[in-house]
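Just so it is clear, the structure is predicted and the values come from calculations on it, not from any experiment.
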Amino acid sequence: MNSTVSARLNSDLLEEKYAQWCEDPRSVEGTWSAFFEGFELGVSQAKTKGGQADDAGADLVPAADLEFNGKVVGLIYNYRTLGHTQAQINPLDENPEINPRLSLSEYNFTEAEMDREASNPFFLRGARMKLRNMVAALKTTYSGKIGFEFMHIHNTTVRHWMRERIEQHGSRGVEKTMEMQVKSLRWLLEAETFENFLAKKFLGEKRFSLEGGEGAMVVLNALLESCPKQGVLEIEMGMAHRGRLNILANFVRKSLTTLLYEFTPDYEPGLVAGDGDVKYHLGYESVREFPDGNVRVSLAANPSHLEAVNPIVEGKARARQRVIGDDGATTDRKRVLPILIHGDAAFAGQGSVAEVLNLSQLPGYRTGGTIHLIINNQIGFTTMPADARSSAYATDVAKMIEAPILHVNGEEPMELYWAAVFALEFRQKFGRDIVIDMYCYRRQGHNEADQAAFTQPIVSKQIAARETFGQVYKRYLVTDGVLSQADADALEQAIWDRLEAGHKKMVEMSEAGDRTVFSGSTAIIQTPYSHAPVPTGISRDMLQSIGETLTSVPDGFTLNPTLEKRFLPRRTEALANGGPFDWAFAESLAFGALLLEGSPVRLSGQDCRRGTFSQRHAVFYDYETRARHIPLQHLSPHQAKFCVYNSLLSEFAVLGFDYGYSLSYPEMLILWEAQFGDFSNGAQVIIDQFISSAESKWQTPSDLVMLLPHGYEGMGPEHSSARLERFLQLCAEENLIVGNFTTPAQYFHALRRQKRRGFRKPLILMTPKSLLGRPEAVSSEADFLEGTCFQEVLPDSMAFENPADVKRIVFCTGKVFYDLAAHRKEAGITDTAIIRIEQLYPFHGEMVAAFSAHFPQVSRFVWCQEEPRNMGAWTYIEPLIEDALGVRPLYAGRKPGSSPAAGSKAMHYREQKALLTKAFEI
């Protein structure tokens with residue numbers, strides 16, 4: 001088909017579609033609608049040239065004009081959509097390939113048409129210009145030093161706001177006042193000089209330098225200085241190790257003497273409690289002061305696991321918003337700003353990134369928008385982008401939440417400055433995430449001892465031949481007359497002198513044995529763990545008051561018939577008769593008492609409002625309207641806040657979020673519930689790198705509660721075990737509390753104890769499934785009242801006429817106790833006592849010994865568990881019981897297995913019967 005015929009067919013199609021669109025924009029496909037969006041094509045030009053238009057709009061517009069205007073619209077639309085693909089964003093590639101779809105030949109423009117006047121009401125507010133000038137303006141705007149991706153955003157208000165701001169920026173050119181340029185130079189030189197200083201003073205030490213990506217300091221500092229006028233009071237930050245020391249020193253402003261001391265051979269983490277961590281994992285917090293207001297900046301500590309810190313930062317930010325009152329209708333989360341710094345390979349490669357992005361607009365997890373800065377050094381360790389992702393950009397995953405993306409050349413300071421200010425304005429206006437993808441490079445290898453030339457010889461040579469950008473920009477400003485050479489040299493020398501002074505002071509004080517100079521740590525040092533009982537009982541009046549609220553609904557509220565006939569009457573009867581109280585009721589009583597005493601409560605997890613096993617019903621839904629009623633929010637006008645949220649289907653992001661929340665709001669009881677306990681292994685990184693070890697590494701205590709349904713009831717390998725053994729393996733240095741309770745009252749007291757001690761520890765609970773409705777697994781009113789407390793070990797509940805007749809003690813934990821007790825009763829066994837270890841860690845050996853001493857003639861000590869021998873508590877508790885009693889216990893339980901449980905119910909019952917029998921016969 002020749003080009004003339006093709007053009008005629010395209011013209012006919014365009015005219016047909018345009019006529020349809022004028023009649024009804026909804027009548028054409030989405031791409032055509034976007035193509036014509038906001039344009040009244042040809043009408044104004046037809047009138048100018050003597051043509052006429054009737055009330056229908058474009059019906060009488062000449063076809064030639066319509067075709068030309070249609071091509072103009074297509075050109076503008078494609079530049080907005082694809083201009084970024086040929087933008088000059090890569091400092092290592094100054095001549096990017098032209099996208100064929102943006103070539104003028106694609107639109108069949110003639111040379112004569114290039115000098116024809118063109119305009120569009122929604123490009124530069126309809127300014128009339130020659131077509132060639134319009135093309136130049138489009139190139140400058142959309143294919144310059146910033147590549148914009150925003151046309152994927154469905155919300156037209158957001159998209160139009162971005163379009164207007166972007167095109168204003170393109171038409172006016174980059175703003176570059178003398179003040180902005182000098183500040184940017186200082187930020188670049190601070191980063192560059194810091195890396196040079198460390199390389200000179202601490203030769204060969206790993207620092208994961210920022211070299212090649214110093215432009216990040218322009219972005220961060222421009223953001224920071226814009227915060228006061230945008231109403232931002234606090235920044236919560238997270239990042240990996242690349243450039244972390246530089247940001248700690250020059251942005252967060254960690255004590256320079258402390259930071260330098262951490263490089264010395266004499267450094268020991270003994271300055272604070274615990275084992276400490278490497279210097280490029282540590283966090284810090286400071287207050288940066290500016291003429292128009294101060295900004296608190298907090299950089300979270302993080303492990304080497306890339307992107308793992310992201311949900312922690314979001315949780316901390318949400319908590320700080322709650323603490324300072326930034327979660328109401330007036331401020332709407334505009335005072336606390338989360339900033340996450342990513343690497344390009346990690347942003348594309350780590351699935352946790354998508355999980356955290358998915359939190360961004362959810363009611364229980366949104367933080368008012370996060371600014372993401374990607375330090376895109378175009379490599380991941382030794383892996384190039386072609387081997388690291390299937391997408392065009394590292395940022396494509398962010399399109400899932402329609403986040404706008406700015407791909408920025410990392411060696412264009414004024415564009416970086418503008419992008420930072422733009423990103424903050426966008427976030428404050430729309431409360432949404434935005435991504436700045438700063439293209440740069442890595443001057444060193446993965447670390448300073450690594451040689452990138454092993455795997456990237458050509459790129460490494462190219463980078464090595466480049467002058468550092470700080471020096472390039474310094475020379476540019478001198479040449480441009482912004483600074484004199486003397487002033488530029490003095491600025492750089494002052495930065496070096498400050499580093500030398502800090503180093504000299506560190507050396508002098510260290511040699512003198514004075515460690516006070518290294519103060520300024522944000523560590524929180526706690527009192528040691530204690531087994532001392534904590535009074536957690538409540539008055540009968542409080543219990544009855546809470547119970548009355550829990551069993552009431554508002555007038556006109558239609559309760560689900562099942563809840564109306566069974567759930568509420570069962571609770572009402574328990575209140576009237578002094579029991580029995582089941583697990584869910586005990587939990588609600590614990591929450592209610594804390595709320596009335598001023599301790600807020602937050603519970604989140606998959607389906608936790610109702611509960612996996614339909615046990616909780618923390619939220620009632622009107623059976624006719626689905627209107628919600630949350631009884632625990634109606635205890636008293638003066639009660640603390642109660643929040644309960646069904647989470648997205650994620651463990652990693654949600655557990656990390658709730659853990660982060662617990663760090664920044666210690667007054668609140670934070671609970672995360674797994675749908676089934678074994679699902680928590682989807683968040684294993686959060687458990688291993690944060691919950692179990694953060695206090696030792698970073699002195700950041702938490703009292704987060706993890707609720708992990710656990711118990712063997714024949715539900716198969718994936719719904720039986722919460723992997724108790726893995727948590728017990730993590731236990732040391734009194735870092736966790738791990739429990740497997742047998743009564744609702746124990747659960748009640750343990751929850752309240754979390755907020756009534758002088759120290760904070762994460763509480764890991766194996767929570768019940770079948771026990772939720774088991775008639776024996778209940779408590780009486782007296783078990784909750786004043787004078788009662790949590791008991792780490794429970795003695796046998798059976799009365800023995802003569803304790804000397806007992807010849808065997810069976811130790812156990814959790815649900816298996818009820819199976820053992822039932823088997824003992826059915827078999828008429830009278831010579832065996834059962835002692836329950838309610839709190840497995842920290843283990844109360846003295847209490848175990850004291851209860852065992854009640855039975856002086858015991859010759860057999862047995863540990864019984866439902867889990868396979870290589871799982872559960874056996875390998876952990878065997879030496880502890882031996883230490884406590886001086887006798888090695890015997891084992892009764894399933895044989896070792898690679899799978900936690902049998903898939904067959906018949907096999908499950910056979911195994912269960914065997915282990916119960918063995919416990920009394922071995």
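Between the side chain of Thr370 and the backbone N or O of His372, no donor-acceptor pair lies under 3.5 Å. Judged by distance alone, the side chain of Ser588 and the main-chain N or O of Ala584 form a donor-acceptor pair under 3.5 Å. Panel note: side chain Lys755, backbone Pro666; a donor-acceptor pair is recorded below 3.5 Å. Panel note: side chain Arg757, backbone Gln754; no donor-acceptor pair is recorded below 3.5 Å. Side-chain atoms of Arg389 do not come within 3.5 Å of backbone N or O of Asp396 as any donor-acceptor pair. Between the side chain of Lys697 and the backbone N or O of Gln689 there is at least one donor-acceptor pair closer than 3.5 Å. The backbone N or O of Ile525 sits nowhere less than 3.5 Å from a side-chain atom of Gln699 that would complete a donor-acceptor pair. At least one donor-acceptor pair under 3.5 Å links the side chain of Ser286 to the backbone N or O of Val252. A donor-acceptor pair under 3.5 Å is absent between the side-chain atoms of Ser696 and the main chain of Ser693, judged by distance alone. Of the possible polar contacts, none joining the Gln230 side chain to the Lys334 backbone as a donor-acceptor pair under 3.5 Å is found.
Residues Glu587 and Gln615 form no side-chain contact, since every pair of their non-hydrogen atoms from C-beta on lies 4.5 Å or further apart. No side-chain heavy atom of Leu632 sits under 4.5 Å from any side-chain heavy atom of Gln639. The closest side-chain heavy-atom distance from Ile764 to Leu730 is not below 4.5 Å. Contact check for Glu673 versus Leu671: no side-chain heavy atoms found under the 4.5 Å cut-off. Residues Glu236 and Arg296 are in side-chain contact: their nearest non-hydrogen atoms beyond the backbone lie under 4.5 Å apart. Ile691 has its side chain within reach of Leu736: a pair of non-hydrogen atoms, C-beta onward, lies under 4.5 Å apart. Residues Ile687 and Arg726 fail the side-chain proximity criterion, which asks for heavy atoms closer than 4.5 Å. Counting heavy atoms from C-beta on, the side chains of Arg756 and Leu594 come closer than 4.5 Å.
Distance NE2/His710 to CZ/Arg723: 10.5 Å, rounded to 0.5 Å. Between atom CG of residue Leu765 and atom CG of residue Leu708 there is a gap of 7.5 Å, rounded to the nearest 0.5 Å. Atom CD1 of Ile339 is separated from atom CG of Leu223 by 5.0 Å, given to the nearest 0.5 angstrom. In this structure, Phe150 CZ and Trp161 CH2 are separated by 11.5 Å, a value rounded to the nearest 0.5 Å. Going from atom CZ of Arg165 over to atom NE2 of His160 covers 16.0 Å, rounded to the nearest 0.5 Å. Once rounded to the nearest 0.5 Å, the distance linking CD1 of Ile375 with CG of Leu210 reads 5.5 Å.
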Item to complete: Begin from the C-alpha positions of Leu220 and Trp187 and carry the test side chain to side chain contact (heavy atoms under 4.5 Å, CB included) through to its verdict.
Response: CA-CA 10 Å; Leu220 291 173; Trp187 296 331; over 6 Å; no
Item to complete: Show your reasoning for whether side chain to side chain donor-acceptor pair (under 3.5 Å) applies to Asp326 and Thr331.
Response: CA-CA 6 Å; Asp326 186 26; Thr331 57; 3.1 Å; yes
Discussion item. Show, in sequence, the C-alpha distance, side-chain angles and deciding distance for Asn377 and Asp344, and conclude whether the side chain to side chain contact (heavy atoms under 4.5 Å, CB included) test is met.
Written reply: CA-CA 7 Å; Asn377 50 37; Asp344 53 311; 3.4 Å; yes
Worksheet item: Would Leu282 and Leu259 count as a side chain to side chain contact (heavy atoms under 4.5 Å, CB included) if you check the C-alpha gap in whole Å, the side-chain angles of each, and the deciding distance to 0.1 Å?
Response: CA-CA 10 Å; Leu282 302 177; Leu259 194 150; over 6 Å; no
Worksheet item: Is there a side chain to side chain contact (heavy atoms under 4.5 Å, CB included) between Val705 and Leu603 once you walk through the steps?
Response: CA-CA 9 Å; Val705 179; Leu603 169 64; over 6 Å; no
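Closest non-hydrogen pair, Ala398 versus Val435, comes out as CB-CG2, 3.8 Å. Of all the heavy atoms in Arg244 and Met239, the pair that sits closest is NH1-O, 3.0 Å. A pairwise comparison of heavy atoms in Asp433 and Gly369 identifies OD1-CA, 3.5 Å as the closest pair. The shortest heavy-atom contact between Leu357 and Val397 is CD1-O, 3.9 Å. Val644 and Cys608 get closest at one heavy-atom pair: CG2-SG, 4.0 Å. A pairwise comparison of heavy atoms in Pro338 and Arg427 identifies CD-NH2, 3.6 Å as the closest pair.
Figure legend: cation-pi geometry between Arg602 and Tyr365, with NZ or CZ positioned under 6.0 Å from the six-membered ring centre and within 45° of its axis. Remark: Arg318 is positioned above the aromatic ring of Tyr645, its terminal NZ or CZ atom under 6.0 angstrom from the ring centre and at most 45 degrees off the axis.
Each of Phe748, Phe741, Tyr747 was scored for a ring-ring contact (aromatic ring centres under 6.0 Å, His included) with Phe790, with one residue passing: Phe741. The side-chain contact (heavy atoms from CB on, under 4.5 Å) test with Met237 is passed by exactly one of Ile371, Ile247, Val313: Ile247. Each of Arg335, Arg320, Lys316, Arg288 was compared with Glu234 under the salt bridge (Lys or Arg N to Asp or Glu O under 4.0 Å) criterion, and only Arg320 meets it.
Using the six-membered ring where Trp is involved, Phe422 and Phe148 have ring planes that are perpendicular, over 60° apart on the 30 and 60° scheme. Taking the six-membered ring where the residue is Trp, Phe208 and His241 present perpendicular rings, their angle passing 60° and hence far from 30°. Using cut-offs of 30° and 60° for the angle between ring planes, the Phe430 and Phe426 rings count as tilted.
Electrostatic pairing of Arg366 and Asp327 does not count as a salt bridge here, judged by no charged N lying under 4.0 Å from a carboxylate O. Contact check on Glu734 versus Lys761 returns no salt bridge, with no Lys/Arg side-chain nitrogen under 4.0 Å from an Asp/Glu carboxylate oxygen. Here Lys399 pairs with Glu149 in a salt bridge; the nearest charged N to carboxylate O distance falls below 4.0 Å.
For Gln526 and Glu695, the side-chain atoms include at least one donor-acceptor pair closer than 3.5 Å. Counting only N and O atoms by type, the side chains of Asp607 and Thr612 include no donor and acceptor under 3.5 Å apart. Between the side chains of His634 and Thr549, no donor-acceptor pair of N or O atoms lies under 3.5 Å. Between the side chains of Thr367 and Gln321, no donor N or O sits under 3.5 Å from an acceptor N or O. For the residue pair Gln684/Glu651, the side-chain donor-acceptor check at 3.5 Å is not satisfied.
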